[in-house]
Amino acid sequence: MLWSLAKALIFFAVVAALTWGAALLSQTDGGIRIAMLGYEVTLGPLQAAIAAVVLVVAVWLVLRLIGLVLAVVAFLTGDETALSRYFDRNRERRGYAALSEAMLALASGEARVAMARAAKAEKLLGRPEITSLVTAEAATALGDTARAEAAWKALLDDPRSRFVGIRGLMQLKLAQGDTATAMKLAEKAFALKPKHAETQDALLKLQAGAQDWRGARLTLGAKLKAGALPRDVWKRRDAVLALQEAKVLLDDTSSIEAREAAIAANKASPDLIPAAAMAARSYIAQGNPKAAAKVLRKAWEAQPHPDLAAAFAEIAPEETPADRVRRFRTLTDINPDHDETRLLMAELHIAAEDFPAARRALGDLVSRHPTARALTIMAAIERGTGADDAVVRGWLARALTAPRGPQWVCETCHAIHAHWGPVCDNCGGFDTLAWKEPPETTGPSATQTEMLPLIVGRPAAPEPESEPQTGPAPDPAADERADPARTTADLARQTP
């Protein structure tokens, strides 16, 4: 309504301006005299203005007539579309103008204006491979999924725009959470353009999420061939996928294939901790402990890790604690000053009830890098050496709010995971988990109430009434001295 009123006011203003100009020219003296070929014409100011307008229109008509004549000549000489192109030229000009306005409106965030201009351009041009793209993008920006899906599907009919339509539908399904359909669309897009980097990444992420490890390895190989991935990165990620493929084979009780896949994953990336642990267990299952120890030592040299120590212990599960301390020397001598090596040696000495040696192995770790594990080990050492219960509770109270130490942390979103996996459960990143210490964001409460059970102690449970017994009363301290490892096991169960 307001726009109609504005157009009417503009029209009346233009008419009034023209009338005022004509009146002004009619009252002006002078004029234009034209003499040519024995003829003389004198025009007043108003007549001269009218003649100028008529001349411009005449020139335009002459140019149009010349264009029509040329189109007729081209048609007569065999160009069957010459006349249709001549009459459609103005239509195309207006259509492309509308399309330009639609693209500019889409870039400026005016999605509704873009959709309206795209619809006008489609009527004038009849080029759905262009206008449907603008319509789909605008509908997606508005959240109109039905119209966006219809526009993306309209692009599938033309071979030139089929890939764009499939890619748009894939992104739409991903936004809706339909990963199964999105993966099928990604596979079709990948078949059309195997070297498209964005499609490769999307398909790889979807295949990893669906645990299609074999398909993910093929996609990863295509990325390598396309030059979109360095060879060293490809080797590690292929080892990650091979490791997951081995786990699936283990779940399917195909033990031989699983062992071979695990060993192949370790050979591809020896520093991958889960691959090294699984390969070592595969060698143990084959009765080849030397190969298992060699794999674990090589991985320990790259980065000491508790999973490697656990796999190394499985090589000789029946050995005594003292024998285990001696055998582990071949592993711990590789990185003797590493924190993980110190913690491991302290735990082995505690299991062997050699508490002074455990204290020496721990060294200054409780003061230099006090983690929950180091402080709990220190509490077990104090208990084993017969320290007062208040001292033990003090170490456990510190362990309660100490940092947890290195964990599996996603390098993209910094989410912490209890176990390693190829895909981050939080952000979905592939091969983003690293064994490192996360930034500490928690700590003790302001009131320290979580430490009270350790500092004060828990109330003793009432003892049931029983008949008087004859003979000497039992001595709990004697039981503790008889079995000092029992208290260590109790402390281990209290580890945060």
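This is a predicted model, so every value here is computed, not measured.
With rounding to the nearest 0.5 angstrom, the CD1 atom of I273 is 7.5 Å from the CH2 atom of W435. With values rounded to the nearest 0.5 angstrom, L206 atom CG is found 11.0 Å from D201 atom CG. Between the CG atom in L272 and the CG atom in D431 there is a gap of 7.5 Å [rounded to 0.5 Å]. Here the OG1-CE distance, from T199 to M170, works out to 5.5 Å after rounding to the nearest 0.5 Å. Taking OG1 of T371 as the start and CG of L343 as the end, the distance is 6.0 Å to the nearest 0.5 Å. L224 contributes atom CG, which lies 12.0 Å from atom CZ of R237 (distance to the nearest 0.5 angstrom).
Taking both residues in full, the closest heavy atoms of S367 and D364 are given as OG-O, 3.0 Å, listed atom of the first, atom of the second, then distance. Across all non-hydrogen atoms, the minimal contact from P274 to W420 is CG-CD2, 3.4 Å. Across T412 and C427, no two heavy atoms sit closer than the pair CB-SG, 4.1 Å. When all heavy atoms of A189 and F163 are compared, the pair lying nearest together is O-CE1, 3.5 Å. Closest of all the heavy-atom pairs between L296 and A311 is CD1-C, 3.7 Å. Nearest approach of T135 to A118, heavy atoms of both residues: OG1-CB, 3.5 Å.
At distances below 3.5 Å, not a single donor-acceptor pair connects side-chain atoms of N335 with backbone N or O atoms of H338. With T140 contributing its side chain and A136 its backbone, the two residues share a donor-acceptor pair below 3.5 Å.
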Practice task
Mind running side-chain contact (heavy atoms from CB on, under 4.5 Å) on R162 and K188 for me, showing each step along the way?
Solution key: CA-CA 10 Å; R162 183 171 297 131; K188 292 181 179 179; over 6 Å; no
Exercise for the section: Could you give me the CA-CA distance, side-chain angles and deciding distance for V409 and L433, then say whether side-chain contact (heavy atoms from CB on, under 4.5 Å) is met? Expected result: CA-CA 5 Å; V409 182; L433 298 190; over 6 Å; no
Practice task
Before giving the answer on side-chain hydrogen bond (donor to acceptor under 3.5 Å, both in side chains), spell out for D158 and S161 the whole-Å C-alpha distance, their side-chain angles and the decisive distance to 0.1 Å.
Solution key: CA-CA 5 Å; D158 194 331; S161 61; 4.7 Å; no
Problem - E149 vs Q176, side-chain hydrogen bond (donor to acceptor under 3.5 Å, both in side chains): CA-CA, chis, key distance, verdict - result: CA-CA 12 Å; E149 185 173 355; Q176 294 174 349; 5.0 Å; no
Exercise for the section: List the steps and the verdict of side-chain contact (heavy atoms from CB on, under 4.5 Å) for E137 and M103. Expected result: CA-CA 10 Å; E137 294 287 356; M103 296 177 69; over 6 Å; no
Problem - Full working for side-chain contact (heavy atoms from CB on, under 4.5 Å) between Q171 and E198 - result: CA-CA 11 Å; Q171 293 177 341; E198 183 183 355; 3.1 Å; yes
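Other residues, nucleotides and ligands place more than 12 heavy atoms under 6.0 Å from the NZ atom of K436. With a 6.0 Å radius and a threshold of 12 heavy atoms from other residues, nucleotides or ligands, K223 has its NZ atom above the threshold. No more than 12 heavy atoms of other residues, nucleotides or ligands shown are found within 6.0 angstrom of CZ on R147.
In this structure, the side chains of L156 and L169 come closer than 4.5 Å at one or more pairs of heavy atoms. Within the 4.5 Å cutoff, side-chain heavy atoms of M183 are placed close to those of Q207. In this structure, the side chains of R167 and K193 stay at 4.5 Å or more apart for every pair of heavy atoms. Residues K173 and K184 have side chains not in contact (no heavy-atom distance under 4.5 Å, counting atoms from C-beta outward). Residues Q200 and F190 are in side-chain contact: their nearest non-hydrogen atoms beyond the backbone lie under 4.5 Å apart. Using a 4.5 Å cut-off on side-chain heavy atoms (C-beta onward), Y283 and R281 make no contact. Within the 4.5 Å cutoff, side-chain heavy atoms of R373 are placed close to those of P306. Between H414 and P438, the closest side-chain pair of non-hydrogen atoms is not below 4.5 Å.
Each ring-ring contact (aromatic ring centres under 6.0 Å, His included) pair with one or both residues in residues 109-141, not counting sequence neighbours, would appear here, but there are none. Residue pairs satisfying the ring-ring contact (aromatic ring centres under 6.0 Å, His included) criterion with at least one member in residues 108-158, sequence neighbours excluded, are absent. For residues 132-151, there are no ring-ring contact (aromatic ring centres under 6.0 Å, His included) pairs, not counting sequence neighbours.
By the 30° and 60° cut-offs, the orientation of the rings of W408 relative to H305 is tilted.
Screening I130, L104, L124 for a side-chain contact (heavy atoms from CB on, under 4.5 Å) with L99, the sole residue that qualifies is I130.
Cation-pi contact between R231 and W234: present, with separation from the ring centre below 6.0 Å and deviation from the ring axis of at most 45°.
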